[in-house]
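Hydrogens, waters and symmetry mates play no part in the numbers below; they use all other heavy atoms, side chains included. Chain A is the first sequence line, chain B the second, and so forth, proteins listed ahead of strands; every chain is numbered from 1. Since we're looking at a predicted model, the values are computed, not measured.
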Amino acid sequence: MSDLRETRLDKARALEALGQSPYALSFAPSHRTAQLQQAHADLAKGEERAEAVAVAGRLMTRRVMGKLAFFTLADETGPIQLYIDKASLETAHPHNPDIFSQITTLTDAGDWIGVHGTLKRTDRGELSVKVSDWQMLSKSLQPLPDKWHGLADVEKRYRQRYLDLIVSPHTRETFRRRALLVSTMRRWLDEREFLEIETPVLQSQAGGADARPFATHHNTLDLPLTLRIATELHLKRLVVGGFERVYELGRIFRNEGISTRHNPEFTSVEIYQAFADYHDMMVLTETLIATCCQAVCGGTVIEYQGTSIDLTPPWTRATMHELVQRATGLDFNAFSSRAQAAAAMQAVDLVVPEAADSVGRLLVEAFEQRVESSLIQPTFVLDYPVENSPLARTHRSKPGLVERFELFIVGRETANAFSELIDPVDQRRRLEAQQERRRAGDPEAQTVDEDFLHALEVGMPPTGGLGIGIDRLVMLLTDSPSIRDVIAFPLLRPEGRAEVGSDAMG
RNA sequence: GGGUCGCUAGCUCAGCGGUAGAGCACUCGGCUUUUAACCGAUUGGUCCUGAGUUCGAAUCUCAGGCGACCCA
């Protein structure tokens with residue numbers, strides 16, 4: 001409503017007329033509110049303490065009653081009450097008899113203000129700053145959302161996240177936890193001598209995952225480019241170069257659908273450790289995630305959407321074959337042809353998609369249909385079919401499989417790791433098979449990256465590699481049902497307002 | 001891509017074929033211990049957009065927009 005805005009602009013002009021800018025340059029708080037609450041917890045009801053303090057924050061509520069007013073001021077650490085007494089304010093400002101009416105009429109909920117004063121715990125027990133002076137720091141021209149109900153409109157919470165953050169403590173806590181998780185993870189890796197090295201986001205050839213990329217273009221070079229869909233192939237080049245422990249925690253872009261578990265840009269960490277295999281990476285994964293959980297949640301047993309999740313290592317390890325057999329009764333080791341596997345699947349009411357053109361791919365289908373969503377407690381699923389995993393090393397003892405695991409928690413894929421494929425000849429064969437699938441019409445199949453293959457020919461040590469989806473981990477540790485709850489600014493369709501072109505239809 | 005639901009005042013919502021409503025916020029008046037302050041008065045609308053049905057549409061129908069959830 002422009003009336004509300006106009007009223008507030010009038011107040012800003014009134015401040016200027018008084019010689020006070022509605023947009024201050026700076027302010028020097030002596031404390032944050034949480035410090036004061038803690039330091040003066042011993043102050044008794046009705047008592048005052050003459051310590052001079054300065055606090056700054058956003059006005060959240062205002063209660064004016066004649067010659068006394070109570071405001072709630074919140075800084076990032078939380079709220080504190082302002083006790084504004086007309087008589088004592090006037091005593092402190094003998095040359096400005098209007099100071100009380102100025103602070104009560106020129107401020108609104110949403111303004112940033114700074115105050116000086118002393119401490120007082122009111123008769124009702126609320127620690128307050130008894131205000132002796134005040135200053136507008138930034139005049140707000142827009143009303144805050146409903147102070148009691150907050151922002152219920154989910155769309156508005158995502159589109160105007162700043163409002164959501166102002167009124168929703170839970171949202172603020174989610175992003176604090178996200179930051180803590182990321183910093184804990186980096187510290188843990190840094191302490192173990194993993195080097196974080198940044199690899200290119202803009203690439204002439206996207207690789208390292210089965211996914212469709214975003215396309216863009218470099219003008220000066222007149223070069224088509226894509227945004228990365230994984231960091232894998234470049235981090236492996238760094239291992240070839242002699243860095244034995246590397247990682248990168250950063251943004252990945254995949255041109256795919258949007259859902260409660262998918263955002264087109266998301267954050268992953270990929271970690272590579274020379275001389276390690278996928279068993280080592282399992283230990284690393286459960287230790288790292290348990291460490292982060294401990295730091296973020298204060299323990300390793302947490303609640304997610306009403307279900308208790310125990311992240312205390314060690315976690316369950318089971319092969320995909322075992323899990324599928326347990327869930328369906330089908331032993332995929334016994335099938336010698338796709339037709340045989342497909343018939344067996346149909347006999348137990350499993351869907352057999354055309355695109356799943358091998359026993360291995362059907363095994364993955366059966367897993368996704370009957371097992372995945374039931375893996376609530378953390379579970380390492382081991383030993384995937386080779387045709388689904390072109391960058392993983394073939395299994396040391398099981399033909400047709402690779403040394404790969406995926407980690408599932410609350411039915412969601414949360415991490416993915418291999419004993420990396422370092423044999424350049426085998427790698428070329430696998431990528432060429434992918435290229436063939438791509439030609440046959442699979443837009444997610446991988447391409448042959450000649451420079452990557454050259455790097456492998458130069459020589460890569462045996463290496464364990466791991467990728468963890470940070471957003472899904474944050475969802476788990478913040479009890480968030482949607483990925484949009486853990487991404488500050490999730491991708492949304494632009495709000496469509498009546499377009500000029502549509503008028504022509506009238 | 002399919003299905004279900006939603007969109008009404010700045011915010012939270014009611015109204016479901018017959019004058020557009022409430023609480024909070026805003027504005028004005030009162031109030032020196034409030035904390036969802038209270039009491040009184042006022043103000044505030046492209047009922048998401050467009051078309052249709054109807055004497056009459058926020059309400060019914062169709063199309064579109066945006067979103068949420070479920071399914072693929």
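Going from atom CG of A:Leu59 over to atom C1' of B:rU35 covers 14 Å, rounded to whole Å. When rounded to the nearest whole Å, the span between CD of A:Glu6 and P of B:rG10 equals 16 Å. Taking atom CZ on A:Arg121 and atom C1' on B:rU35, their separation rounds to 14 Å, with Å as the unit. Atom NE2 of A:His149 and atom P of B:rA14 are 11 Å apart (whole Å). Taking atom CG of A:Asp111 as the reference point, atom P of B:rC26 lies 11 Å away to the nearest angstrom. Spacing between atom CD of A:Gln305 and atom P of B:rC69 amounts to 11 Å, rounded to whole angstrom units. Rounded to an integer number of Å, the gap from CD of A:Glu155 to P of B:rC7 is 13 Å. Nucleotide B:rA25 holds its C1' atom 16 Å from the CG atom of A:Leu141, rounded to whole Å.
A donor-acceptor pair is defined here as one N or O able to donate and one able to accept, closer than 3.5 Å; such a pair exists between the side chain of A:Asp75 and the backbone of A:Gly78. Judged by distance alone, the side chain of A:Arg254 and the main-chain N or O of A:Ile229 form a donor-acceptor pair under 3.5 Å. Panel note: side chain A:Asp111, backbone A:Lys139; no donor-acceptor pair is recorded below 3.5 Å.
Under the 4.5 Å side-chain criterion, counting only non-hydrogen atoms from C-beta, A:Val296 is not in contact with A:Arg178. A:Gln325 has its side chain out of reach of A:Phe332: every pair of non-hydrogen atoms, C-beta onward, lies at least 4.5 Å apart.
Helical stems of RNA chain B (runs of at least 3 Watson-Crick or G-U pairs, donor-acceptor distances under 3.5 Å) are listed by first residue: B:1-7 with B:65-71, B:10-13 with B:21-24, B:27-30 with B:38-41, B:48-52 with B:60-64.
Comparing B:rG10 with B:rC71, their P atoms sit 36 Å apart, to the nearest whole Å. Taking atom P on both B:rG1 and B:rG21, the two are 42 Å apart, rounded to the nearest angstrom. If you take atom C1' in B:rC39 and the same atom in B:rU4, they sit 46 Å apart, rounded to whole Å. Between B:rG65 and B:rA57, the two P atoms lie 25 Å apart (nearest whole Å). Annotation: B:rA58 and B:rA9 have their C1' atoms spaced 14 Å apart (nearest Å). Spacing of C1' atoms, B:rU42 relative to B:rC28, comes out at 7 Å, to the nearest Å. If you take atom P in B:rG52 and the same atom in B:rC38, they sit 48 Å apart, rounded to whole Å. Atom name C1', nucleotides B:rU12 and B:rU54: the rounded distance is 34 Å, in whole Å.
Looking at heavy-atom distances under 4.0 Å, A:Ala87 makes contact with a base. Residue A:Lys156 is classed as a sugar-phosphate contact, given heavy-atom separations below 4.0 Å to backbone atoms only. Within 4.0 Å (heavy atoms only), A:Thr122 reaches at least one base atom of the nucleic acid. Within 4.0 Å (heavy atoms only), A:Gly46 reaches no atom of the nucleic acid at all. Within the 4.0 angstrom heavy-atom criterion, no nucleotide atom of any strand lies near A:Val167.
The nucleotide whose nearest atom lies closest to any side-chain atom of A:Asp123 is, among B:rU35, B:rC26, B:rU33, B:rU33. In the set B:rU32, B:rC70, B:rC26, B:rU32 carries the atom at the smallest distance from any side-chain atom of A:Leu68. The nucleotide whose nearest atom lies closest to any side-chain atom of A:Thr260 is, among B:rA68, B:rC69, B:rC31, B:rC69. Of the candidate nucleotides B:rU35, B:rA68, B:rC11, B:rU35 has the atom nearest to the side chain of A:Arg63. When each of B:rU32, B:rU27, B:rC13 is scored by its nearest atom to the side-chain atoms of A:Ala152, the top-ranked nucleotide is B:rC13. In this structure, of B:rC11, B:rA36, B:rG10, it is B:rA36 that holds the atom nearest to the side chain of A:Trp148. The side chain of A:Lys11 approaches B:rC26 more closely than any other nucleotide in the set B:rC26, B:rC11, B:rA37. For A:Lys120, counting side-chain heavy atoms from C-beta on, the closest listed nucleotide (B:rU32, B:rU33, B:rC26) is B:rU33. When distances are taken from the side chain of A:Asp108 to each of B:rC66, B:rU27, B:rU33, the shortest belongs to B:rU27. Checking B:rU33, B:rC26, B:rA68 against the side-chain heavy atoms of A:Arg62 singles out B:rC26 as nearest.
For the pair A:Ser88 and A:Arg261, nearest-nucleotide mapping onto RNA chain B gives the more 5' position to A:Ser88. Taking for each of A:Gly66 and A:Thr72 the nucleotide of RNA chain B with the nearest heavy atom, the 5'-most of the two is the partner of A:Gly66.
A donor-acceptor contact under 3.5 Å links the side chain of A:Asp146 to the base of B:rG23.
Distance CG/A:Asn263 to CD1/A:Ile252: 13.0 Å, rounded to 0.5 Å. Taken to the nearest 0.5 Å, the CD1 atom of A:Ile302 stands 8.0 Å off from the CD1 atom of A:Ile409.
A:Tyr384 meets the side chain to side chain donor-acceptor pair (under 3.5 Å) test with A:Glu406; sequence neighbours excluded.
Minimum heavy-atom separation, A:Ser358 to A:Glu387: OG-OE2, 2.5 Å.
Applying the 4.0 Å criterion to OP1 and OP2 of B:rU33, one finds that A:Lys86 has every side-chain N and O outside that range. Contact between the side-chain N/O atoms of A:Arg484 and the OP1/OP2 oxygens of B:rC69 is found at a separation under 4.0 Å. A sub-4.0 Å separation between OP1 or OP2 of B:rC66 and a side-chain N or O of A:Arg493 is present.
Of the residues listed (A:His40, A:Gln37, A:Glu51), the one engaging A:His31 in a side chain to side chain contact (heavy atoms under 4.5 Å, CB included) is A:Glu51, and it is the only one.
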